[in-house]
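First the structure, in the form of C-alpha cells, and then the observations on it.
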There are 2 protein chains.
Amino acid sequence: MKCNSYDDFFRNFANKTKLRIIMLLKNTPMSVNELSEKMGEEQSKVSHNLAKLARCSVVAVEQQGKKRIYSLNKETVLPMLRLVEKHVKKNCDMRCKQ
Amino acid sequence: MKCNSYDDFFRNFANKTKLRIIMLLKNTPMSVNELSEKMGEEQSKVSHNLAKLARCSVVAVEQQGKKRIYSLNKETVLPMLRLVEKHVKKNCDMRCKQ
DNA sequence: ATTTCATATGAATAAGATTTCATTAGTGGT
DNA sequence: ACCACTAATGAAATCTTATTCATATGAAAT
C-alpha cells in the first residue's frame, strides 16, 4: 500500500517513535539494527515504523550486503522541521519538548 | 493543556476532519456553525477538533457577538501545505487524493 | 546446503485518538 | 430575568494506530 493522502503523510510525524527515527537519520543514514540500538527499542518495532516512513517516501532504503540502510528524504523533511521549529518557538508553550 | 511536542503539533494534520477544516479556513475565517454546515458534520465534532487545532495555534479564535470566528494561522500552515503538495507530486502514488 | 546475521511480516493485544451524545456555559436580545 | 442562539465540555463508545511476540524471509559466508 502507498501513501495517498495528506493525513497519511502527516501521520509519519505525529508519533514519537517515528519522529525519533527521523531525528536520528538527520545526521547519518543507518541500518535497522543501528537505529534499534541507539533507540533502545526492539528491532521489530523500528522495522514496522520504518516501513510506514518508507511507504510515504519520508525515508529511502538501500540494500548494502545483509543490511538495509535507511536515509532521510531531506528535501522534504528538513524544511518541514524548520517550519515547525519556528512555529513552536513563536506560538507554543515554554515547556515545549524537542 | 498546550501543544508541547512536535508530534502533538503534527497530529493536527494527520486526520481528515482536521485537514478539511484547515482547507475550508484557507479561504475565509468562519464560525463553528458555518464550518459544521459546510462539512455536514456535527457541531460538537467540529468544536472538539477546533479545540485541538487552537491549542497548537494552527487556528486562532476571535469572539464576534455570539459567534466565535476561527481563522487559519497562514504563516505556518500555508508553507506547510505547499511542502507536502510538492512532496506528494514528486513521490506519491497517482491515486493521491486532495 | 547449512548456518548466521539482518530484517520483514502477520496476528493478537494494547494504547491512543476521534466521535457521539447529552449536557452545560456563554452572549446578546427582549 | 428569560429566551434563543452559539459554542464548549465530559464521559462513554468506537475506531485507528502502534507495539509486541513469534515466526518467516533474504543475503552472504563457509
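The sequence lines fix the lettering, A, B, ..., with proteins before strands; numbering per chain opens at 1.
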Would you please name every residue forming a salt bridge (Lys or Arg N to Asp or Glu O under 4.0 Å) with K45(B), sequence neighbours left out? E41(B)
Given protein heavy atoms under 4.0 Å, the one-letter contact record of nucleotides 13-19 of chain C, with B base, S sugar-phosphate only and - none, is simply ----SBS
Between E37(A) and E34(A) (side chain of the first, backbone of the second, donor and acceptor by atom type, cut-off under 3.5 Å), is there such a pair? no
Just to verify, what does H87(A) make a ring-ring contact (aromatic ring centres under 6.0 Å, His included) with, not counting sequence neighbours? F9(B)
Write down the atom of N12(A), the atom of D8(A), and the distance for their closest heavy-atom approach. ND2-O, 3.5 Å
Where the side chain of N91(B) meets the backbone of S57(A), is there a donor-acceptor pair that is under 3.5 Å apart? no
Trace of the side-chain contact (heavy atoms from CB on, under 4.5 Å) decision for K89(A) with K86(A): CA-CA 5 Å; K89(A) 272 208 188 98; K86(A) 196 175 135 204; 5.8 Å; no
Decide yes or no on side-chain contact (heavy atoms from CB on, under 4.5 Å) for V46(B) and V32(B), but give the supporting numbers first. CA-CA 7 Å; V46(B) 175; V32(B) 181; 4.2 Å; yes
Taking any atom closer than 4.0 angstrom to a non-hydrogen atom of chain A, what span of DNA chain D does the protein reach, first nucleotide to last? dT17(D) to dA28(D)
Reference residue D7(B); test salt bridge (Lys or Arg N to Asp or Glu O under 4.0 Å); the match among K18(A), K16(A), R20(A): K16(A)
Re dG16(C): Watson-Crick or G-U wobble partner, both distances kept under 3.5 Å, found to be dC15(D)
Result block: side-chain N/O donor-acceptor pairs under 3.5 angstrom for residues 60-72 of chain B, not counting sequence neighbours:
from: Q63(B); atom 1: OE1; to: R68(B); atom 2: NE; distance (Å): 3.1
from: Q63(B); atom 1: NE2; to: G65(B); atom 2: O; distance (Å): 3.1

For N33(B) and for Q43(A), locate the closest nucleotide of DNA chain D by heavy-atom distance; then report the residue assigned to the nucleotide nearer the 5' terminus. N33(B)
Validation row: R82(A), L78(A) side chains within 4.5 angstrom (heavy atoms): yes
Summary of protein contacts for nucleotides 24-30 of chain C, nucleotide by nucleotide, where a base hit scores B, a sugar-phosphate-only hit scores S (4.0 Å, heavy atoms): ---BS--
